[in-house]
2 protein chains.
Amino acid sequence: MSVPSEFARRRSATIHDVAAASGLSRGTVSRVINGERYVSAEARDSVMSAIAEVGYVPNTAARNLKTKRSHAIGLIVHEPHSLFLEDPNIGAILLGTNSVLSAADYQLVSLIVDSERDSDRVAEYLRGGFVDGVIIISARENDPIGRAVVAMGIPAAFVGHPPDIDGIAYVGIDNVQAAEAITTRLLHTGRRRVGMIASALDRDSGRDRVAGFRAALGDAFDPALVVDYPLYSYDSGVEGMRRLLDRAPDIDGVFAASDAIAAGAMDVLRAAGRSIPKDVGIVGFDDSAWALRCQPPLSTVRQPAGDLGRMAAQRVLDQLDGRESATGGTFLETVIAWRESA
Amino acid sequence: MSVPSEFARRRSATIHDVAAASGLSRGTVSRVINGERYVSAEARDSVMSAIAEVGYVPNTAARNLKTKRSHAIGLIVHEPHSLFLEDPNIGAILLGTNSVLSAADYQLVSLIVDSERDSDRVAEYLRGGFVDGVIIISARENDPIGRAVVAMGIPAAFVGHPPDIDGIAYVGIDNVQAAEAITTRLLHTGRRRVGMIASALDRDSGRDRVAGFRAALGDAFDPALVVDYPLYSYDSGVEGMRRLLDRAPDIDGVFAASDAIAAGAMDVLRAAGRSIPKDVGIVGFDDSAWALRCQPPLSTVRQPAGDLGRMAAQRVLDQLDGRESATGGTFLETVIAWRESA
DNA sequence: TTGTATGCGTTATCAT
DNA sequence: ATGATAACGCATACAA
């Protein structure tokens, strides 16, 4: 150990000091601070000026201890290193969540899980009463934190995809419907041999996109034209497009399970001398920063990431007020951003 | 008001319960929990099993109230909406900070400032004793939060660029040196007419990059070949390159103050029929996701964003232990990622 | 080595 | 409408 910082030593004004300065009791001061009824106008005034005079700020630790509420809500981001830096939706979800919580006077606290150790510490943090509720994005199946949250019964909402647990609230998009819609539009441009580069088949989102693709194709569906990779990455797109080209040189349409994948696929197509969209039409998923950077700009499914965040926050707030039970999914509409790649 | 959630009502086991279950006193239990000396092995054992038995978890609010420490450190992200989503460094800083704090068993708590209201609430949050220290990225000059932090004397470190306040710790890169280095390398490729698209001249980082550019050019510096725009964006690159081409059709080298700017400039150059790097060499700054997406890949300055985050965390930790005074800057080395655009 | 007692700053329940 | 007082769960100085 060493010298504690000067900050830690400092004592700031308490209700006690305010009471002394105003000549009223601590009870009355507390009532004024919490805006309760049954306080005279004059009492309120003198308390207010006493507060200003002594520079009082409420001590949250004490208040939390007493009320068992922290007025803070945690947002747990559980992404592997690389994806975290690349995923365009995380930032938007964050901002959306923050806007709703901010309006309700809750403090958003984001917690990053980047290691086993983090996982444990975050679980501890949650149990410590630092937060009244929690939003979890991109939970894995079999996630220890997810299970801890359920076990504790803390108000929560998952965003991204439904977890493998019952009795939990979640918000997401309808991946089946969205995939089917954009594939259908791709078909309407006259494509005959359409393939898919799928990804993350260990998650509902990944599986559902394949299901939608298949539904759109109907009888024309050919399993040989679907390849899949674990990660929604540019590299997966490169690999996948090569395989697809190998299997079906006459391919004229591609549905990529993410924009990053589409970007990789497009570079391979270009290198193979195919022109887009003349020879091959391609569509993606996410409407991320990749989409506009592609040449030509990519047609893609827009995820309402901000709304996802807002909705998740709202659902936690509702549970907090006992207005809602912690169960069931909410699905938000996606829209297709139709550009020049198909 | 409405029905409070069931969670809020729940009471979990306390030290009291553990004491009862183990037949020891609350004091001894507390000592075991905090790993203090002077506890017998048998006492420790029975406390441990009692903890497991009753499912005890420490109440952080109570502990904070008593110790005046929260073992949490805040990371304040103060970026305008759009930049927040685009800036590639923020995620890396976040991860770097988290790794150091995690190892020291501190919980990182990220706070987003996205509105005036947020600003106030975050200040309140800091005063509430939720965090023992704070890291602030991309603070503005005249930032109310920055001033609040200084006024409270809470251990802090700024990352990104030095604030306009004295007696504060900050970490950053040497923008002058980095800009000079990459411009020099650009000149060594034989360029004669080299321009710059500058940005954010209201911040040190922006001004320093111009200074470095100028230093590298020496007598060859021509003010007419420097254009500037408020935002480090793709659009600034498009605009800037058009102006530069207008003023100096014979331009053969460009230093863009960010990768996004470089990307915009490259698209304009291509549209104007200039080949890169044959006709014009171009370099950027940041080594962001843009750099690899450019055609050809962009030569650029790599910011050690992860290290910046780690260093900032370390400096806060040092202040917390009284090991360091809260003042002075730390500058980290940049490296140049030399690719094909120049 | 262990137990006892006190206080951290609030809110909330009583009287008044 | 206001004032006294008892918790909240913990750490710690002191006594044993």
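The figures here come from the full heavy-atom set of this structure, side chains too, leaving out hydrogens, waters and symmetry mates. Chain identifiers are assigned alphabetically (A, B, ...) following the order of the sequence lines, protein sequences preceding nucleic acid strands; residue numbering begins at 1 within each chain. All of these numbers come straight from a predicted model, not from anything done at the bench.
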J.: Starting from C1' on D/dT2, measure out to CZ on A/R44 and report it in whole angstrom.
T.: 13 Å
J.: Which whole-number value in Å describes the distance from B/R69 CZ to D/dT12 C1'?
T.: 17 Å
J.: State which of D/dC10, C/dG9, D/dG3 makes the closest approach to the side chain of B/R63.
T.: D/dC10
J.: Taking the side chain of A/Y56 as heavy atoms from C-beta outward, which of C/dT10, D/dG9, C/dT11 is closest to it?
T.: C/dT10
J.: Show each protein N/O and nucleotides 5-7 of chain D N/O combination with a separation under 3.5 Å, one pair to a line.
T.:
| residue | atom | partner | partner atom | Å |
| --- | --- | --- | --- | --- |
| D/dA7 | N3 | A/K66 | NZ | 2.6 |

J.: Among D/dA1, D/dC10, D/dA4, find the nucleotide with the atom closest to the side chain of A/Y38.
T.: D/dA1
J.: Between B/S30 and D/dA11, is there a contact of a side-chain N or O with OP1 or OP2 at under 4.0 Å?
T.: yes
J.: Grab the CD1-C1' distance between B/I15 and C/dG3 for me, whole Å please.
T.: 14 Å
J.: Under a plain distance cut-off of 3.5 Å, with no hydrogens placed, do A/S70 and A/N64 share a side-chain donor-acceptor pair?
T.: no
J.: When the distance from CG of A/N64 to P of C/dC8 is rounded to whole Å, what number comes out?
T.: 18 Å
J.: Over how many whole Å does the gap from B/D17 atom CG to D/dC10 atom C1' extend?
T.: 13 Å
J.: So among B/L75, B/L95, B/L101, which one has a side-chain contact (heavy atoms from CB on, under 4.5 Å) with A/I112?
T.: B/L95
J.: B/S40 side chain: which of D/dT2, C/dT1, D/dT12 is closest?
T.: C/dT1
J.: Does the B/N98 side chain pair with the main chain of B/L94, one donor and one acceptor, at a distance under 3.5 Å?
T.: no
J.: Base, sugar-phosphate or nothing for A/L24? Non-hydrogen atoms, less than 4.0 Å.
T.: sugar-phosphate
J.: So if I take every side-chain heavy atom of A/S25 and compare against C/dG9, D/dC10, D/dA4, which nucleotide ends up nearest?
T.: D/dA4
J.: Check every atom of C/dT2, C/dT11, D/dG9 against the side chain of A/N34 and return the nucleotide holding the closest atom.
T.: C/dT11
J.: Okay, side chain of B/D17, backbone of B/T14: is any donor-acceptor separation there less than 3.5 Å?
T.: yes
J.: Can you tell me which nucleotide in D/dC10, C/dG9, D/dA11 comes closest to the side chain of A/A62?
T.: C/dG9
J.: So what does A/V57 hit on the nucleic acid, given a heavy-atom distance under 4.0 Å: a base, only sugar-phosphate, or nothing?
T.: sugar-phosphate
J.: Would you mind telling me which of D/dC10, C/dT2, C/dT13 lies closest to the side-chain atoms of A/R31?
T.: C/dT13
J.: Does any N or O in the side chain of A/N59 come within less than 3.5 Å of the main-chain N or O of A/A61, such that one atom is a donor and the other an acceptor?
T.: yes
J.: May I have the distance from B/L65 (atom CG) to D/dA11 (atom P), rounded to whole angstrom?
T.: 11 Å
J.: Look at all strands and tell whether B/A61 reaches a base, only sugar-phosphate, or nothing, counting heavy atoms closer than 4.0 Å.
T.: nothing
J.: Just the rounded figure in Å: distance from P of C/dT11 to CD1 of A/I33.
T.: 6 Å
J.: Should B/R315 and B/D318 count as an ion pair when the cut-off is N to O under 4.0 Å?
T.: no
J.: Quick one: does any side-chain atom of A/T97 pair with a main-chain N or O of A/G309 as donor and acceptor, under 3.5 Å?
T.: yes
J.: Measure the distance from NE2 on B/H16 to C1' on C/dG3 and round it to the nearest whole Å.
T.: 14 Å
J.: Just by distance, no angles: are the side chains of B/S25 and B/T28 close enough, under 3.5 Å, to form a donor-acceptor pair?
T.: yes
J.: Between D/dA11, D/dG9, C/dT2, which one does the side chain of B/T14 approach most closely?
T.: D/dG9
